[in-house]
Amino acid sequence: MTADERNRRLKYGSDVPRWWIPDFNRPPEPPTPQQQDRTGSSPASGAGDGDDYRVFKRRRRELLQRERTRKLNRDIRLVQKLVAVLIVVVAFLMAGLVGLAIGAVMGLLLLSWRLEL
C-alpha cells in the first residue's frame with residue numbers, strides 16, 4: 001500500500017486498521033492535582049486550550065525522540081558497515097583469499113544483524 005492510499009483511507013475513514021490511528025489504544029493521561037484545581041475554578045474553554053497545548057508538547061517530544069532514535073539507528077548501521085569492512089580487510093591480510101572469503105561471510109552476517117533502538 002502506498003502512502004497516498006493510506007492517507008486517503010485515513011482521510012475518508014474506509015478500511016483503516018485501528019493500529020494506524022495514533023493514540024487509539026492509549027488511555028487518557030490522568031490530570032495532575034494542579035490541573036484539577038485549575039479546571040474546577042476556570043471556564044471549560046480554558047481547560048481545552050491547556051489540554052491542546054499538553055498534547056502538542058507530548059507529540060513534539062515523541063517526534064524528537066523518534067528523530068533521535070532514527071539518527072542513532074543510522075549511526076549504528078554505519079558502524080556495522082565499517083566493522084564489516086575492517087573484518088574483511090584484516091582477514092584478507094592474515095589468510096589471503098581464504099581469509100577474504102571468511103571475512104566476507106562474517107561481514108555479511110554482521111550486516112544482516114539489525115540493531116534497532
Side-chain angles (χ1 to χ4, degrees):
M1 171 180 299
T2 65
D4 292 332
E5 290 173 349
R6 180 180 55 103
N7 291 338
R8 187 175 45 234
R9 288 184 180 177
L10 282 172
K11 182 177 180 182
Y12 297 112
S14 60
D15 299 330
V16 179
R18 290 183 175 178
W19 58 272
W20 280 3
I21 302 172
D23 300 333
F24 183 79
N25 293 320
R26 184 177 296 165
E29 294 179 6
T32 61
Q34 295 172 349
Q35 290 174 344
Q36 287 177 351
D37 293 340
R38 280 191 238 149
T39 57
S41 63
S42 65
S45 63
D49 293 340
D51 289 340
D52 290 342
Y53 182 69
R54 188 176 50 155
V55 168
F56 173 74
K57 283 179 63 175
R58 180 174 46 93
R59 287 192 180 171
R60 181 173 171 239
R61 190 171 49 246
E62 288 173 358
L63 285 174
L64 288 173
Q65 182 64 31
R66 277 190 219 138
E67 185 63 31
R68 283 188 211 121
T69 304
R70 192 175 302 130
K71 286 181 182 179
L72 182 63
N73 286 335
R74 187 174 46 223
D75 292 343
I76 288 173
R77 285 192 295 272
L78 179 65
V79 169
Q80 278 182 319
K81 289 176 187 176
L82 291 175
V83 169
V85 168
L86 183 66
I87 288 172
V88 171
V89 169
V90 169
F92 176 69
L93 293 176
M94 293 181 73
L97 292 177
V98 174
L100 178 67
I102 293 171
V105 169
M106 290 176 60
L108 289 174
L109 285 174
L110 178 66
L111 289 176
S112 68
W113 186 45
R114 288 282 183 164
L115 289 174
E116 301 257 340
L117 299 176

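For clarity, every value in this text was computed on a predicted model and none was experimentally measured.
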Between [X] and [Y], is there shared hydrophobic-cluster membership here, with clusters defined by ILVMFWY side-chain heavy atoms closer than 4.5 Å?
X	Y	result
L109	L78	no
L110	M106	yes
L82	V88	no
V79	I87	yes

Other members of the hydrophobic cluster containing [X], with the 4.5 Å side-chain heavy-atom rule, please.
X	value
L108	none
F56	none
L111	none

Looking at residues at least two apart in the chain, or sitting in another chain, which of them share a side chain to side chain contact (heavy atoms under 4.5 Å, CB included) with [X]?
X	value
V89	V85, L93
R77	N73, R74, Q80, R114, E116
L86	V90

* Asked: Do R59 and E62 sit within salt-bridge range, that is, some charged N less than 4.0 Å from a carboxylate O?
  -> no
* Asked: Do the non-hydrogen side-chain atoms of L63 and R60 ever get within less than 4.5 Å of each other?
  -> no
* So which heavy atom on A91 is nearest to which on G99, and how close? -> CB-O, 3.0 Å
